[in-house]
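Heads up: the structure comes next, in structure tokens.
The basis for the numbers below is simple: all heavy atoms, side chains too, and nothing from hydrogens, waters or symmetry mates. Sequence lines set the chain letters: A, B, ... in the order given, protein chains first and strands last, and positions in each chain run from 1.
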Amino acid sequence: MKLKVAMVLRYVILILGAVIMLMPFLWMLSTSLKTQPETVKIPPIWIPKQLQFSNYVEAFKQAPFFQYFINSVIVTSITTIGQLFTSILAAFAFSRLNFYGKNFLFVIFLGTMMVPGEMLIIPNFVTLSQLHLVNTYGALIIPWLASFFTVFTLRQTFQSVPDQIYYAAKIDGASDWHYLWHVLVPISKSTITAVTVLQVIGSWNSFMWPLIVTNSENLRTLPVGLQAFTSDAGTNYAWLMAASTFVIIPMVILYIFLQKYIIAGISKTGLKG
Amino acid sequence: MLYHIDRPTSYIVVGNRLKGAKPLEVTFKDVTLSYDGKREILHHLNFTIPEGTLVSILGPSGCGKSTTLMMISGLLAPTSGKIFFGDQDVTKKDALARKVGMVFQNYALYPHLSVLENIEFPLKMAKVPKKDRKKKAIELAKLVHIDDQLDKKPGALSGGQQQRVAIARALAKEPSLLLLDEPLSNLDARLRIEMRQEIRRIQQETGVTTIFVTHDQDEALHISDHIMVLNQGQIQQFSSAETLYDNPSNLFVSQFIGEPVINTLDITDFDRELEGHVDAEILQRAKKVGIRPEALQDHDTGSETLTTIATKVKHSEKYGREKNALLDFHGKPLLTTEMRAEVADEQELPLYLQRHGFYLFDENGVRIFGGDQDA
């Protein structure tokens, strides 16, 4: 009996948590199907009288979403691949190679993780504008080609691989380069998947940075493009939510397939969400 | 001192030797290793490992035996001295260039690759065509009796099976030298005996010069043609198992080899028992006395007997076919494994000290009496 109560209680808490987490998504879905007056009604209504699927069609007419989608895909894939490449090399160097000033450099890099991202917006913007990169793909991509968070996470994983595996590879005739790509990376597959997924999500959802460094419409990414529904006259929530639904679909699909790795990635490092 | 051993005449290559694997002689010339320039890990090692033999490097942990192996493999460079493979100076060559095979204590298999892919890996690195390397890998898997597990990942194998895969992988590129770093210490007792026979078999079938690092004297005694005893970075003795036991060159070797451990006494523990039986000049120099437990007989053995000593029985026990007694000799404990008669505790017992298994060591621990004087 006591056990049953505990069980019920546990599920009640879990359900409550799930509802709280899902509420914004449900509101987004429901709003995307409302008429304009319905979106601002108080108390809010959850199920619109008539489902306005036309909102989706209208939303797409408001801005070149296909262009935004292409931009998001380009930026996300290049930053993810680039960042993974540089991070794998750096993590290998920090975990396996011996060079002068290694520990000092590592501590400095670790220190950069303590600086809030918002603080870096202005210096980064200044740097990019001096390089004449503002309002180019370069501005969206280059600052994100290295991430010490990823380096750090991978280094921890690389370090957990026994020395003997490295020696064995050496004896077997593998160079450092071969060992890295043919042994270490495949062994560290789950961590690499985790950081990749985190990076894809972060890059896809990134809003502030693309907003600041681009001003031409054909460089906008999806999250920035959603601004099209906000004007001086107010916000058209129905269209905004219809477009938002479209924006998050790829991430939801990604999450469904890779949730195991995402959770592993977070629990492994105890950092970032 | 240069330790050099002739190739034993009794060495036979059995079965079909793998083609291309020319056994190699390994020579260390005055090899020294120090980590920070001050503390020496290995001191002036000089030795030659004859081609085609199986040599064990035996010593307590921290004696530098694995370090020696790392230097042979090229994973570690000596601070000074030279290393030769045959007559080729390989001191400056790294592990890649030396082309040795190595088996690690924890096997170090690639966890993401199947058994077959693990064995193929060195061949892949050597850019052997796909078809040839598969054929070769299967051939090796058969040699080590693992050909029924080719598609499994190392994680799904038992310790002994992983060991076999590691050996096959080490042999894949037909090394002229096979290095084994405590390969049996992660296995249970029964499997350890089975695998050491397997290693011996594989070594004989391939004829590859094999160097086997262990801290277990039993393992070394059973598997090797020759044993190098290492302690504190120095070679104590490099000889056959029999010589190590019968003619230990110093106190350390006499204590390290032998089970139960040799009885060790100070020369001052003796009154006049040795006088007249050992040269007075030698007695003068002697510091320590070593007596193998089987060198204490409870009956007269005629000319084999050196002298008799008076002891008192403290405790006697029977282990299987062995009858042991712990005795008191001038307040010091002595162990014998050769009791014939029934004895009671506290009984006075004269013992016949045998010539064979009785040694005297000088203040540096060097053997000055007992064994073959020229060995």
Side-chain angles (χ1 to χ4, degrees), chain A residues 84-85 87-89 91-104 153-197 258 260-261 264-265 268, chain B residues 66-67 69-77 93-114 117-128 133 137 153-155 162 165-175 177-183 186:
Chain A
L84 216 55
F85 184 72
S87 300
I88 286 173
L89 294 182
F92 177 73
F94 277 123
S95 67
R96 177 56 62 191
L97 303 181
N98 284 315
F99 53 91
Y100 183 75
K102 173 171 142 178
N103 290 335
F104 178 72
T153 312
L154 289 176
R155 171 186 172 264
Q156 299 307 96
T157 306
F158 288 178
Q159 271 186 338
S160 67
V161 175
D163 286 352
Q164 272 89 345
I165 299 262
Y166 175 68
Y167 292 144
K170 275 278 145 107
I171 295 276
D172 287 344
S175 59
D176 276 356
W177 183 257
H178 259 105
Y179 166 72
L180 176 59
W181 297 105
H182 292 279
V183 179
L184 196 54
V185 166
I187 288 178
S188 314
K189 197 177 70 191
S190 71
T191 309
I192 289 174
T193 311
V195 294
T196 306
V197 169
L258 296 172
K260 183 175 92 183
Y261 293 106
K268 216 171 232 167
Chain B
S66 288
T67 313
L69 205 67
M70 295 268 274
M71 290 208 293
I72 298 171
S73 69
L75 290 169
L76 201 65
K93 291 191 172 176
D94 65 5
L96 235 98
R98 289 197 198 177
K99 299 194 169 77
V100 300
M102 189 159 173
V103 176
F104 295 87
Q105 183 172 351
N106 59 9
Y107 323 129
L109 297 175
Y110 308 121
H112 62 296
L113 300 179
S114 70
E117 289 166 332
N118 260 285
I119 303 173
E120 279 182 329
F121 189 84
L123 301 169
K124 199 172 150 192
M125 291 296 114
K127 301 200 166 60
V128 174
R133 65 177 189 242
K153 292 274 168 71
Q162 290 189 34
V165 178
I167 294 171
R169 185 182 64 180
L171 291 171
K173 56 180 172 177
E174 297 172 352
L177 198 57
L178 177 63
L179 309 175
L180 303 147
D181 188 4
E182 306 231 11
N186 287 357

Rounded at 0.5 Å granularity, tell me how far CG in B:L75 sits from OH in A:Y166.
9.0 Å

Which residues pass the salt bridge (charged side-chain N to carboxylate O under 4.0 Å, His left out) test with A:R155, not counting sequence neighbours?
none

Using salt bridge (charged side-chain N to carboxylate O under 4.0 Å, His left out) as the criterion, list what pairs up with B:E117, not counting sequence neighbours.
none

What part of B:L109 gets within 4.5 angstrom of chain A, counting heavy atoms only: side chain, backbone, both, or neither?
backbone

Side chains of B:L113 and A:P186, heavy atoms from C-beta outward: is any pair under 4.5 Å?
no

If you define the side chain from C-beta out and look only at heavy atoms, does anything of A:V183 sit under 4.5 Å from B:F121?
yes

Highest number of heavy-atom pairs under 4.5 Å with chain A among B:M70, B:R169, B:M102, B:K124 belongs to B:R169

Identify which of B:A166, B:A170, B:A95, B:A126 forms the greatest number of heavy-atom pairs closer than 4.5 Å to chain A.
B:A95

Do other residues, nucleotides or ligands put more than 12 heavy atoms under 6.0 Å from A:K102 NZ?
yes

Give a yes or no on whether A:F104 atom CZ has more than 12 heavy-atom contacts from other residues, nucleotides or ligands under 6.0 Å away.
no

Enumerate the side-chain hydrogen bond (donor to acceptor under 3.5 Å, both in side chains) contacts for residues 93-107 of chain B, please, sequence neighbours excluded, ordered by first and then second residue.
B:Q105-B:S185

Where along residues 171-178 of chain A does a heavy atom come under 4.5 Å of chain B, listed by residue number?
A:I171, A:D172, A:G173, A:A174, A:S175, A:H178

Give a yes or no on whether the backbone of A:H182 and the side-chain of B:H112 come within a donor-acceptor separation of less than 3.5 Å.
yes

A:A169 backbone acceptor or donor facing B:Y110 side chain under 3.5 Å
yes

